[in-house]
Amino acid sequence: MREEILRIENVRTIQKNITYLDNFNLSVLKGDVMGLLVANAHGINALMALLRQNGQLHYGRIEFLEKVVNNYIHSDYSMNAITIIEKQGKLINDLSVADNIFVLRQGYKNYIINTKQLEQELSRYIREVCLEIDGSMLISTLNQYEKYVVELIKAVVLGRKLIVIKDISSTINSQELEKFQRLIDKYKKKGITFIYICSHHEEAFKICTSMAVFDKGKIRKVFEKHEFYRENLESLYEDTYKDLEISEIGKEEKEILSFYKCKIGKIKNLTLCVKKGECVTIFDKDGMVIQDILKVLTGESKNTQGSIYYKNKIFYSKNIRHSLKQGICIIDEEVKGKMLFSELNYLDNLCFLLYNKLPSHFCSKIKKMVLKEQRALLGDVILEQDIRNLSGEEIISLIYKRVYLCMPKIVICVQPFFGADMQLRRHIISQLENFKKQGISIIILSINLSDSLIISDNLFIMSNGKIFKKYSRAEFHKLNEEATILY
Amino acid sequence: MHKSKKYYLSRRIQVLIYSYGVYIVQVLLVTFFMTTKGKLLILFIELTLVVILLLVTYYLVYLPYKKYKKLLQLFELGYIFEELFVQPMALSPEIDRMMDKFGELLNKDKLLSASKKQAQYLALQNQINPHFLYNTLEAIRSEAISEGLTGVEKMTEALSTFFRYTISNIENMVTLNDELDNIRTYYVIQKYRFGDKVSLDIRIDSEDEETVLSYKIPKLILQPIVENAIYHGIERKVQNGHINIKITLTYKRLIIKISDDGVGIAEEKLRFMNEVLSKAPIDLIKLTDEKRGGIAIVNVNTRIKLLFGEEYGIVFYSALGIGTDVVVTLPR
């Protein structure tokens, strides 16, 4: 007989006439790691909100630890004893690890905090998770992986029976992900139940005991461990990537950017070149080199050895604006938070880089021209005044179109698939493909391969600051990583 | 219908109206006789009384009314039926008596027998005389044995076993083991038609397999689902298909998941089916065959809901090209 830790039954949630969860059913048993493969993320935030707090349901009921905690007749808005580990952590940056774990919790009533005792207690847990930190360290000094582990320890200390892990793979590198998954496995054996939310089935297959496909607020299918085959999910990928044509680069194309035996920060002896219209993925296995490459291309730092050539000339940039003028554009991860200005309307956001490129008295003329030209392509969304109303796909279109309007020679994409569900990833790929078709080169900087290989012509795997392996498109099938590869 | 001691909202409102009246009179008297001394204290007491009265009104009248309103809305939409009659609260004794009368008219047992009749009809629609059928099948079997036709003999035996189980005593509860045996027999029959195209796997996710297999469940609830999986899922698929039955026993429920890797169900149809399955039994009984989508599964779902309550029943999950899961939830 097994304990049903969480049971969500026929749940429907509606807010402002939008249905977020639609006849949603999920059953999670004790000691399971239930994967939630997100095909379309519409409704996932509503689900997270319901797991945290027993908010109003239009219909259905939720049982937690075999007790009804929320139902359609009455929702008491109480909090559930569930920990959600995600990028926006709940740890206080200016407090120590020990304080975050032991002091910031319900039921801690000591007036005098015995730091030594807390640290001793903590060291037991830290040894268990093989982490090299001590309890007195401030959270702000930890890297993302360490923060996740601290949150996991905190959940264990709090005696949580259910822990939700949401989309962590886009923020930690593959080695750290592997270590974290080992920890999940360890705690699973101790009877803790997990819900593992991710956008890639290979990632879920490694750790989950069963996996549900989440699509537009409902569960489409639940796969058991013995059904974990890519073939079983093929239709999902066929649907997502159908009509997607990936162009291949011609052999005679000119080199746009090349690094020759460069030493940049932690990067040693970097030699690679990017041709016109080519997409190169730099897979940063231990998360050490992305920032260094970005800094050198935006003029923030210089290479101490070797040379960088851009359009057959030695590359030189004073700052990011100078790089942009030369035709180097950067698309940051988390585009919504970092690349959009919520106080500006759609059109101003779209023309933002053009304003920087051209003298200010051209602004209104540019706007008129862009509106006339792009309205036919983008539709009436271009008239949107509040960009907070835009969907994920519309935001991606806006950002990529903004970059495209600058007519760059090369685009550097940092973790382009960060936090994106399957549908959004497909949209990003088609945007990148548009760049390729226009002869714009792309460098994808990523700490996980995710869907990068679908669009890439070459892959460079970097470890410890060095190129560890190089694969051309024809060799991608040799990779045994959690990546989607289309042929 | 279950009858428990109820409280009435109308009585609470009555008591509260008296309380407010007394309070107003009291305020008027206090204002009339109030001296400067102790003014603040009186004001504080009056305010406290107001807060208490408002809180009592909120918890004893407003919240129950809100819950009841939601129930009525869900009843109107067809989501619930029985729960409306077993609420510990009613608007007034008169409305309660009217609801009781209404409940009697819609007696659950009558609905259950209507549902059983539908199930029997489905099972018996091809039956002219079961004994004649058994005897004929046995005769064919004997003939096959004497002629050394092992295939025909086994198929006839399976068919005979299947009919014997299907036709007799449809209203009975059977053990899970019996129901699974019937599925195996049905699978043997289908194997003669589909060969290797269909495979069946039954897994019991429990250490105590024997206990799980001895659980009583309504008869013939799994076979229509397996039949659906074969005819609507796997038959239309080019490659071979698999049917997995997974049985999980939790502290409160017996969960049976029948999954196939067939062609799946289109989103619109799936939405319609789940919509129909989540409706209260009263609405299901009234649905015409056309609206029911002609599925025996709706009938199975109705029987489960009528027998065990609205929180049990069947749920469909499906994705085109990936397959379908049907989850049957029953009480322990």
- Around B/Asp196, counting heavy atoms of other residues, nucleotides and ligands shown, do more than 12 lie under 6.0 Å from its CG? no

- Item | Choice from B/Asp261, B/Val212, B/Thr211, B/Val315 maximising heavy atom contacts with chain A below 4.5 Å | B/Val315

- Quick check: are there more than 12 heavy atoms from other residues, nucleotides or ligands sitting under 6.0 Å from NZ of A/Lys161? no

- Proximal to chain B - members of residues 30-43 of chain A, heavy-atom separation under 4.5 Å: none

- Task: Kindly check if the number of other-residue, nucleotide or ligand heavy atoms within 6.0 Å of OH (B/Tyr231) is above 12?
- Result: yes

- Query: Does B/Lys252 pair with A/Glu4 as a salt bridge, N-O distance under 4.0 Å?
  - Reply: no

- Message: Let me confirm one number: the CG-NZ distance from B/Asp325 to A/Lys221, rounded to the nearest 0.5 Å.
- Response: 3.5 Å

- So B/Ile255 and A/Ser27, side chain to side chain contact (heavy atoms under 4.5 Å, CB included) or not? Walk me through it. CA-CA 10 Å; B/Ile255 302 166; A/Ser27 166; 4.2 Å; yes

- Message: So, taking the atom named CD1 in A/Ile73 and the one named NZ in B/Lys70, what distance separates them when rounded to the nearest 0.5 Å?
- Response: 9.0 Å

- Message: Report which part of B/Asp205 has an atom under 4.5 Å of a heavy atom belonging to chain A: side chain, backbone, both, or neither.
- Response: both

- Item | B/Tyr59 atom OH, neighbour heavy-atom count above 12 within 6.0 Å | no

- Inter-residue atom distance A/Leu29.CG - B/Thr250.OG1, 0.5 Å rounding: 7.5 Å

- From the list B/Lys69, B/Glu267, B/His242, the residue making the most non-hydrogen contacts under 4.5 Å with chain A is B/Glu267

- Can you tell me how far the CG atom of B/Leu249 sits from the CZ atom of A/Arg2, to the nearest 0.5 Å? 11.0 Å

- B/Phe194, CZ atom: more than 12 neighbouring heavy atoms under 6.0 Å: yes

- Let me know if B/Ile322 has heavy atoms under 4.5 Å from chain A in its side chain, its backbone, both or neither. both

- Who among B/Gln73, B/Arg253, B/Lys66 has the most heavy-atom pairs with chain A under 4.5 Å? B/Arg253

- Message: Please check this pair: side chain of A/Arg220 against backbone of B/Ser318, looking for a donor-acceptor N/O pair closer than 3.5 Å.
- Response: yes

- Heavy-atom pairs under 4.5 Å with chain B are the metric here; pick the option from A/Glu63, A/His226, A/Lys216 that has the most. A/His226

- Query: Using non-hydrogen atoms and a limit below 4.5 Å, what part of residues 7-25 of chain A faces chain B?
  - Reply: A/Arg7, A/Glu9, A/Asn10, A/Arg12, A/Asp22, A/Asn23, A/Asn25

- Message: Between B/Lys257 and A/Glu224, does any NZ, NE, NH1 or NH2 come within less than 4.0 Å of an OD or OE carboxylate oxygen?
- Response: yes

- Item | Taking every non-hydrogen atom, the tightest pair across A/Ile219 and B/Tyr317 | O-CD2, 3.2 Å

